[in-house]
Number of protein chains: 2
Amino acid sequence: MKMSGGVEWALHCAFALTAADHPVSAARLAEMHDVSASYLAKQLQAMSRAGLVRSAQGHAGGYELTRPPSEITVLDVVEAVDGPTPAFLCTDVRARGPLAASPEACRTPCAIHRAMTAADEAWRASLRSVTIADLTAQVTGEHGPGVLAGVRNWLASAT
Amino acid sequence: MKMSGGVEWALHCAFALTAADHPVSAARLAEMHDVSASYLAKQLQAMSRAGLVRSAQGHAGGYELTRPPSEITVLDVVEAVDGPTPAFLCTDVRARGPLAASPEACRTPCAIHRAMTAADEAWRASLRSVTIADLTAQVTGEHGPGVLAGVRNWLASAT
DNA sequence: GTATCCATACTCGGATAGTGGTTGTCCGAGTTGCTGGGG
DNA sequence: CCCCAGCAACTCGGACAACCACTATCCGAGTATGGATAC
């Protein structure tokens, strides 16, 4: 089980967009993080489709957050990029084979399915409890407000 | 993000081995669940490597649990089959690009890494809180003790 | 009748191909800002 | 001096290959069982 590596990039971009007050192009974000611009664009498109960021075309276009960072959770970003499908897919093994359970007994999810779903929900709840604003607060608290200002200045400066 | 489908098979096998009091061959378990015998063998080998089941060769060989079901958690099975590696891999994006953080500032994990690790730990804790014995108890409570007896009888009967 | 030996059949275990999904890339459609000219 | 049209450059968005992990399979190594045989 491996999560898409683009999730990390998307989260870093969300953090950067918190600092910026202008729309920032995908190429700029890619240069800042030293990652593939083409592939990062794909993640940003996914976030745009999910409604987390707004895209603007044209000369001074780019991406910007649609909501305050305090209203965007880490789970929002993860689900936007990695998809909302749970990692575990129950194939109803109990309904197959010579000992197949009766269809009416399979009305409710099996015990295994419930355990996996509960774990998945715990994972999601943990990610839902952290917002992008929380991340920036942690960074500021540990490394000072200079980091945020540095990002803002770099994004505002020309190439 | 998608978990290996073999995890579900392995959990069903663990449940079946709880009912059986003899070693059960991989082919038998595959026939019972109507799944590929060759591929199920791979999952059982992984469980054997993890020490969850003991394998016996020869005419009346097969697999059997090494511990009481109450001492085997769902997490044990998941980690045995799917690997113990966390789904999220931090590639230290903050240490790259023109705004790279200083190496000594990267001594501690970044905020994103921490959030993902916390969620992963919540997921693991949820899976760790459920044992195979809990699963059998749930099945017995919902569908009666006949299910377990049926599995035992079928596994004891000849082909 | 009993112990021993052997052939047999059954088991696991790891090495070997096929396939779907993630990763990475590219080019076209659309929009904005700027520049030059005209009134 | 102000307004407008045209241009050019920059942006996003989706369509197109390459690589890797999961899926599925096969055959060889090893061992307990059962029967036949000798004592």
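By convention in this document, chain letters (A, B, ...) are assigned in the order of the sequence lines, proteins followed by strands, and residues within each chain are numbered from 1. Heavy atoms only: backbone and side chains are in, while hydrogens, waters and symmetry mates are out.
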Please report the distance, rounded to the nearest Å, between [atom1] in [X] and [atom2] in [N].
X       : N      : atom1 : atom2 : value
B:Met3  : C:dG20 : CE    : P     : 22 Å
B:Arg49 : C:dC12 : CZ    : C1'   : 12 Å
B:Arg54 : C:dT11 : CZ    : P     : 19 Å
B:Leu44 : C:dG13 : CG    : P     : 9 Å
B:Gln43 : D:dC22 : CD    : P     : 11 Å
A:Leu89 : C:dG21 : CG    : P     : 11 Å
A:Met47 : D:dG13 : CE    : P     : 12 Å
B:Leu40 : D:dT25 : CG    : P     : 12 Å

**Asked** When the ring planes of B:Phe88 and B:His113 are compared, do they come out parallel, tilted or perpendicular, using 30° and 60° as the limits?
**Response** tilted

**Asked** With a 4.5 Å heavy-atom cut-off, do B:Trp154 and B:Met32 have their side chains touching?
**Response** yes

**Prompt:** Strictly by modelled atom types, are A:Thr131 and A:Glu71 linked by a side-chain donor-acceptor pair under 3.5 Å?
**Reply:**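 No, no side-chain donor-acceptor contact under 3.5 Å.
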
Distance check: side-chain N/O of [X] vs OP1/OP2 of [N], anything under 4.0 Å?
X       : N      : result
B:Ser55 : C:dT11 : no
A:Ser25 : D:dC12 : no
A:Ser48 : D:dC12 : no

Selection from [options] that lies nearest to any side-chain heavy atom of [X]:
X       : options                : value
B:His59 : D:dG13, C:dC10, C:dT25 : C:dC10
A:Ser4  : D:dC12, D:dT25, C:dT23 : C:dT23
B:Tyr39 : D:dT23, D:dT33, C:dG24 : D:dT23
A:Ser38 : D:dG13, C:dC26, C:dC12 : C:dC26
A:Ala26 : D:dT33, D:dG14, D:dC12 : D:dC12
A:Gln57 : C:dG13, C:dC10, D:dT11 : D:dT11
B:Ala60 : D:dG13, D:dT33, C:dC12 : D:dT33

**Prompt:** When you match A:Lys42 and A:Lys2 each to their closest nucleotide on DNA chain D, which lands nearer the 5' end?
**Reply:** A:Lys42

**Item:** Expected output: side-chain B:Glu64 to main-chain B:Val53 donor-acceptor under 3.5 Å
**Value:** no

**Prompt:** More than 12 non-hydrogen atoms from neighbouring residues, nucleotides or ligands closer than 6.0 Å to CZ on A:Arg67, yes or no?
**Reply:** yes

